[in-house]
Amino acid sequence: MILSKRFYGIILLSFIATYDVMFTYLLENIDWILLMTVIGVLIPMYLLQKGIQYCEVFLVMMSLCFIPVFTFFFQLFDTRLQWSNITLIGVLLLLLFGILSVVLEQRARSVS
């Protein structure tokens, strides 16, 4: 219960700390903010809802487990980030277990 209320505090403290520059920043960058909102939030949420509507729940949940794989791949093109073997191992394990669970689920469905 308390954890769900922390966001109100974060929003309030952020507003207090940035009230003098927030509106000018918003007005200067409103086009980028809207573009990132559409591309980064609205389209993925719409596609997720369509996936839930047309696919099995298990397949949708396993697809969400593959998000770190795509994130790691895209981070390879960012020169500000360093290569991490531990992260690669973790991502490969997630990918391996995700694929394995999908294969086992499909095999169990075809048997029954």
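Given the structure is predicted, the values throughout are model-derived calculations rather than measurements.
In this structure the side chain of V91 never reaches within 4.5 angstrom of the side chain of F73, judged on heavy atoms. Contact check for F66 versus L94: no side-chain heavy atoms found under the 4.5 Å cut-off. When side chains are defined from C-beta on, L76 does not count as touching L81, because their heavy atoms never get closer than 4.5 Å. You'll find the side chain of Q75 stays beyond 4.5 Å of the side chain of R80, heavy atoms only.
Within 6.0 Å of CD1 on I86 lie no more than 12 heavy atoms contributed by other residues, nucleotides or ligands. Around the CD atom of Q53, the shell of radius 6.0 Å holds more than 12 heavy atoms that belong to other residues, nucleotides or ligands.
With rounding to the nearest 0.5 Å, the separation of CG in L93 from CG in L88 is 9.5 Å. Of the inter-residue distances, the one linking I33 atom CD1 with E28 atom CD reads 10.0 Å to the nearest 0.5 angstrom. Interatomic distance, L42 CG to L34 CG, rounded to the nearest 0.5 Å: 9.5 Å. In this structure, CZ on F70 lies 8.5 Å from OG on S63, to the nearest 0.5 angstrom.
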Before giving the answer on side chain to side chain contact (heavy atoms under 4.5 Å, CB included), spell out for F97 and I99 the whole-Å C-alpha distance, their side-chain angles and the decisive distance to 0.1 Å.
-> CA-CA 6 Å; F97 287 126; I99 291 171; over 6 Å; no

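Hydrophobic clustering keeps L100 apart from L59 (ILVMFWY residues linked when any side-chain heavy atoms are closer than 4.5 Å, directly or through intermediates). Following chains of ILVMFWY side-chain contacts shorter than 4.5 Å, one can reach I52 starting from I67, so the two form part of one hydrophobic cluster. There is a path of hydrophobic side-chain contacts, each under 4.5 Å, that joins L26 to F15. L47 and F74 end up in different hydrophobic clusters when Ile, Leu, Val, Met, Phe, Trp and Tyr side chains are linked at under 4.5 Å. Clustering ILVMFWY residues whenever any of their side-chain heavy atoms sit less than 4.5 angstrom apart, transitively, puts Y25 in a cluster other than the one holding M22.
Checking side-chain atoms of S84 against main-chain N and O of T87 turns up a donor-acceptor pair under 3.5 Å.
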